[in-house]
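Okay, structure first, notes after.
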Amino acid sequence: MARVLVDVMLKPEILDPQGEAVANALPRLGVNGITSVRIGKRIELEFEGEPDLDQARAVADALLANPVIETFTIHLEEVVAADTAEAAETGEENAA
Amino acid sequence: MARVLVDVMLKPEILDPQGEAVANALPRLGVNGITSVRIGKRIELEFEGEPDLDQARAVADALLANPVIETFTIHLEEVVAADTAEAAETGEENAA
Amino acid sequence: MTGTHEADRTENTFDELDTVDVASKTPDEPQPYAELGLRDDEYAKIRDILGRRPTGSELAMYSIMWSEHCSYKSSKVHLKKFSEKNPRTDRMLAGIGENAGVVQITDDLAVTFKVESHNHPSYVEPHQGAATGVGGIVRDILAMGARPVAVMDALRFGDAEHPDTKRVLPGVVSGISFYGNCLGLPNIGGEVVFDPSYQGNPLVNALSVGVLPVSRLQNKNASGLGNVVVLLGQKTGKDGIGGVSVLASATFEDGDTDNRPSVQVGDPFVEKLLIESCLEMYDAELVVGIQDLGGAGLTCALSETAAAAGMGMYVDLDRVPLREASMEAHEVLASESQERMLLIVSPEKVDDVLAVAAKWGVLATAIGQVTDTGRLIINWHGQTVVDCPPGSLADDGPVYNRPMKEPNDRALIAADRAETLPRPSTDDELRATVLRMAGSPNLADKTWITEQYDNMVGGNTALSMPDDAGVLRLDNSGTVGSGPIGIALSTDGNGRFARLDPYTGAQLALAEAYRNVAVTGATPIAASDCLNFGSPEDPHVMWQFAQAVEGLAEGCAQLNIPITGGNVSFYNQTGMTAIHPTPIVAVLGVMDDVRRRVPMGFTNDGDVIVLLGETYAELSGSEWAWSQHGHLGGIPPAVDLAGEQALAAVMKRAAEVEHVSAAHDLSDGGLAQALVESVLRHKVGARIKLPDHADPFVWLFAESTARALVCIPRGHEKAFGALCEEHDVPWTPLGIVDSSAGGIEVVDHFAISTGELAEASEGTLPGLFG
Amino acid sequence: MTARIGVVTFPGSLDDRDAQRAIRLAGAQPVALWHGETALRGVDAVILPGGFSYGDYLRGGAIARFAPVMETLVDAAKGGLPVLGICNGFQILCESHLLPGALTRNAHLHFRRRSQRLRVENTTSAFTGHFDAGQEIVIPVKNGEGRFVADERTLDELEGEGRVVVRYVDGNPSGAMRDIAGISNAAGNVVGMMPHPEHAVEALTGPSVDGLGLFTSVIAHLGRTAVGAGSSQT
Ligand SMILES: Nc1ncnc2c1ncn2[C@@H]1O[C@H](COP(=O)(O)OP(=O)(O)O)[C@@H](O)[C@H]1O
Ligand SMILES: [Mg+2]
């Protein structure tokens with residue numbers, strides 16, 4: 001089985017208050033080496049038959065990401081034995 | 001430069017209202033082949049120097065994922081020339 | 001599977017379907033009843049009822065339905081007192097035992113309200129636990145035929161400074177905010193109290209209130225032979241299966257429940273659609289009976305609806321829409337997946353029901369029929385896995401008269417009076433005490449929490465936070481009604497008072513809620529409760545519980561308002577240490593003209609400030625003793641229910657004829673805190689002069705009951721005084737509202753500016769929680 | 001002659017009945033519109049009310065944008081029909097590209113509800129004619145994703161063309177860029193705002209009655225301009 005992953009991230013110039021909140025909390029956990037935290041969405045699309053990357057891209061473009069504030073990336077993911085490994089088969093970037 | 005990606009997803013048996021809402025909206029976009037949508041978080045951690053996977057895992061466990069309802073996966077990502085390609089260098093699963 | 005020996009138990013006993021047939025043929029099959037919380041005699045009783053051993057599914061059902069949570073086995077004998085003592089009234093359309101009590105308020109309108117706890121889930125997963133607490137109580141209200149119109153939340157947390165409180169409180173608040181706001185129900189009030197006794201066991205009590213035309217009242221009876229059983233709402237998943245996971249685990253001893261989340265995730269969007277579709281079905285008279293699915297899921301809904309009608313029921317469990325294909329029968333029966341309702345529909349209306357559900361995009365599935373067998377029969381994969389009398393699940397659970405014991409330290413505690421503690425002796429110390437208390441977590445401004453709640457959606461909120469009670473207009477454009485009538489609601493409780501004396505503590509909670517409703521000008525007409533206690537197996541806790549019930553029942557009888565229902569939450573403790581006994585009481589009031597509601601807070605320069613009621617040197621259990629000395633001992637303030645009634649009568653009349661421009665009840669922190677809150681409301685100051693004979697410390701900090709602070713517009717003083725005398729309510733003019741005072745000035749003693757008060761009161765919660 | 005103003009109900013709309021009440025109090029006739037139908041029933045103006053359409057799970061307004069009613073509404077708005085999006089309605093207008101920019105998570109990460117002071121910056125839009133330029137009004141805000149963002153060029157354009165309709169004063173409840181509380185399209189017939197004017201229409205329930213001005217403004221606006229087909233019906 002395969003599925004399509006869509007990663008949606010805020011554009012770098014858009015404030016990510018959630019990421020900032022995490023970054024600010026890190027020193028309290030004793031973590032100091034992390035300079036930046038950005039939080040976006042990871043969306044898993046499962047298809048009935050063969051995954052259709054073009055269709056996934058169209059959905060991401062129209063619905064999953066808002067081009068005013070976000071960019072997205074699409075991968076095809078081979079689901080190997082109970083999720084234990086993960087490999088990005090196809091990587092492509094779409095800045096919509 | 002390298003950064004660590006943390007993917008946080010709801011455990012499979014936990015209801016994902018976000019994913020359901022999107023899945024139910026797809027037919028209105030004329031998309032019918034997608035059988036399931038799950039929405040989680042994708043978190044990018046940037047390190048000052050060498051990324052520290054163990055530290056990232058500790059942060060994910062304590063702060064980024066809620067072990068009661070979520071699991072997370074950690075990858076090391078080599079950032080190649082302006083983000084155009086993406087490859088999961090290390091894949092490991094942590095069911096918190 | 002006959003002749004099972006020990007070794008077989010390491011494999012999944014229920015791999016092979018445990019049907020009624022199999023059960024009859026394998027009477028000696030060992031069953032994990034003890035792990036499911038059933039006692040030997042309870043298990044024996046089940047075998048007796050069935051005339052054989054239960055199947056795995058039946059065992060799951062009995063273990064849930066006979067649990068403390070569902071069967072009220074420890075509390076039942078005590079709760080009877082409510083019905084016994086309830087004043088007679090024609091207003092009660094539905095009472096104790098229904099999903100929620102229903103009170104008629106006009107010829108054609110009724111109100112239903114109920115409080116429920118979601119304490120343990122909110123500790124495990126604060127956000128989802130609290131969110132689903134709201135979702136659950138709203139479905140109870142919906143099941144009565146009402147449109148839910150508001151929610152409230154009574155919260156108890158551990159010490160404000162404790163790190164775990166920083167985890168629990170923000171999560172709980174965001175969960176309530178998320179679910180209630182998204183559902184479109186205004187949050188109109190509640191409480192937040194910090195006390196170390198709740199450290200490992202916070203309390204999340206959610207209230208919902210709904211309004212219905214009297215003619216739309218629904219019941220949960222699965223009546224009518226051949227009627228269809230329809231499941232409406234969310235798909236069923238492995239949510240909240242809890243103890244029943246024992247049945248699924250490889251070995252019964254192995255506690256690995258990793259894959260069985262006892263956490264439920266709520267979807268308020270689906271609940272909103274559920275509300276709209278149910279209301280549309282009620283109005284079209286499409287349902288015969290309805291029951292929400294809450295704790296115990298289908299098990300509870302199927303058995304209770306069938307038992308209530310005295311009918312049988314056949315259910316084809318394979319028809320239940322599942323989120324995960326791999327579920328077993330007992331899991332489907334026990335699942336606590338949210339946002340589901342069970343409908344009983346006559347066959348010719350099933351299509352209409354499905355059409356309404358489709359219109360709102362909600363799943364609806366016929367899963368069974370009402371039969372006349374008197375048995376609840378459930379099939380799974382074509383075989384019968386349950387065949388039992390529904391009443392044996394719903395009504396015939398065990399009932400215990402648990403041992404009770406008065407704690408032996410009572411006399412000692414009573415003797416340790418706060419009245420003997422060192423008091424502030426100079427004016428400077430008085431002033432500093434007022435400020436410190438205003439900034440203490442229990443008394444500090446709660447805006448950091450309440451501004452996360454939508455209090456206005458629906459457009460009928462006439463009063464809400466920080467007013468003493470939530471007040472709603474019953475909008476005639478919505479559900480009928482003749483004029484701008486209003487309802488008022490308050491929830492209150494004081495665990496410290498109840499710890500000192502549970503009987504008095506319960507009455508003080510009732511008195512405070514009653515007074516909060518009364519000061520808005522409403523007439524209190526009914527009460528409900530949520531009783532949060534430690535383990536009923538601890539005789540001291542059981543004694544506290546019995547005392548509290550007795551006190552509450554007796555108090556309601558004296559106030560002449562019925563208890564319409566309630567909720568019991570036991571086992572609130574960390575290790576061997578129980579929480580403070582915490583009866584939370586909700587009081588409902590009505591007013592003829594909601595435009596006359598009385599808000600809190602000083603507004604108009606020149607208004608005369610009058611203290612109603614009598615002040616005594618009552619400081620034991622007070623906020624002063626606790627926040628300034630960490631002291632809890634002595635005897636709580638005296639209850640004066642006749643005084644509360646007189647106060648309510650004065651407030652009602654004064655509101656009607658507009659003798660009062662503002663009012664605020666006195667409770668935690670006494671007069672000082674009431675003044676602070678009244679000044680901070682609109683940042684308008686006051687000049688106060690205590691009576692010559694008054695001990696300023698006692699007057700400022702005592703927590704005597706049946707008191708309120710009111711503002712009387714110039715020209716109304718005489719008439720108002722006469723009204724007080726008519727009702728025998730002591731009244732003491734204390735000063736005037738005066739914006740030139742710049743804050744609180746207690747003449748001859750001290751002055752504190754509004755800015756200083758605001759900084760103390762408004763800075764505390766943001767400082768603690770971000 | 002009474003203006004007929006439509007209020008769209010999406011699954012998850014919450015302030016739809018409140019918007020209808022406000023329309024009634026302002027002297028117009030509210031008309032319920034349903035997300036699943038394309039018909040606009042000949043209304044003279046449309047309100048997209050607040051709430052959590054489709055749960056607002058992905059992004060506020062993202063799914064509502066694809067509702068059948070939006071197909072006709074987008075065209076009608078482009079043709080000049082006055083449309084006011086309140087809160088979730090504002091999000092829907094941005095997602096539908098009838099208005100520029102986007103509404104993102106509040107900078108403080110909380111849902112926040114409070115009475116908010118606003119300054120009316122534009123009195124030429126279809127919904128603000130009854131206000132004085134620079135007038136300060138008090139209207140509640142309540143949202144978790146109300147932070148208006150757009151790129152600098154868009155922001156400059158909005159300011160330059162006078163399309164910032166209302167601005168937060170005395171504190172910005174969400175961290176919105178340039179304190180923007182509401183904007184309009186270039187023609188001024190489409191307005192989106194995060195604050196809830198429908199919750200400031202009665203002394204009994206609101207912090208003020210300032211919100212009524214938005215509804216009376218559009219009624220007056222309709223009287224001055226050619227009125228839609230619906231006005232000939234009662
Ligand atoms: N958890 C909460 N949810 C909603 N409103 C709350 C909550 N906690 C406190 N409030 C509101 O804040 C105000 C002050 O609370 P409190 O001092 O406990 O009132 P009182 O002492 O009159 O019961 C009241 O209007 C109350 O309803
Ligand atoms: Mg009060």
Side-chain angles (χ1 to χ4, degrees), chain B residues 3-47 55-56 58-75 82-84 86 96, chain D residues 8-14 16 33-40 48-75 85 87-89 91-98 102-111 143-145 147:
Chain B
R3 58 186 174 191
V4 174
L5 300 183
V6 183
D7 288 331
V8 179
M9 298 301 293
L10 285 169
K11 292 181 182 171
E13 65 274 17
I14 297 273
L15 173 72
D16 173 12
Q18 282 209 68
E20 297 262 314
V22 170
N24 291 336
L26 292 176
R28 254 178 296 125
L29 274 80
V31 175
N32 291 303
I34 296 178
T35 50
S36 145
V37 180
R38 303 281 291 177
I39 303 188
K41 277 182 269 184
R42 174 191 150 101
I43 300 154
E44 301 177 350
L45 303 177
E46 242 152 65
F47 284 76
Q55 198 175 45
V59 169
D61 201 33
L63 209 55
L64 303 177
N66 176 351
V68 182
I69 52 176
E70 295 168 329
T71 58
F72 65 88
T73 336
I74 287 191
H75 317 247
D83 247 347
T84 45
E86 188 165 291
Chain D
V8 180
T9 297
F10 297 95
S13 289
L14 304 177
D16 46 347
L33 301 177
W34 183 242
H35 72 103
E37 292 166 8
T38 50
L40 293 183
L48 297 180
F52 291 75
S53 55
Y54 302 92
D56 268 7
Y57 286 126
L58 185 64
R59 288 182 314 279
I63 298 179
R65 173 199 163 190
F66 293 100
V69 73
M70 291 306 293
E71 290 170 27
T72 32
L73 186 64
V74 168
D75 286 341
C87 197
N88 192 226
Q91 294 164 339
I92 296 170
L93 291 175
C94 290
E95 288 282 342
S96 312
H97 310 304
L98 283 171
L103 293 144
T104 61
R105 188 96 182 257
N106 291 344
H108 47 73
L109 296 173
H110 294 297
F111 186 97
N143 60 64
E145 291 181 12
R147 182 173 173 268

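Any value given below was found using the heavy atoms of this structure, including those in side chains, with hydrogens, waters and symmetry copies removed. Just so it is clear: chains get the letters A, B, ... in the order the sequence lines come, proteins before strands, and each one is counted from 1.
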>> To the nearest 0.5 Å, what is the distance between OG1 on D:Thr38 and CD on D:Glu71?
In response: 7.0 Å

> If you round to the nearest 0.5 Å, how far is CD1 of B:Ile69 from CE of B:Met9?
Replying inline: 12.0 Å

Between the main-chain N or O of [Y] and the side-chain N or O of [X], is there a donor-acceptor pair closer than 3.5 Å?
X	Y	answer
D:Gln91	D:Glu145	yes
D:Thr104	D:Arg147	yes
D:Asn88	D:Gly60	no

>> Quick check on the structure: residues of residues 27-36 of chain B within a heavy-atom distance below 4.5 Å of chain D, by number.
In response: B:Arg28, B:Leu29

>> Between D:Phe10 and D:Leu48, is the side chain to side chain contact (heavy atoms under 4.5 Å, CB included) condition met? List the steps.
In response: CA-CA 9 Å; D:Phe10 297 95; D:Leu48 297 180; 4.0 Å; yes

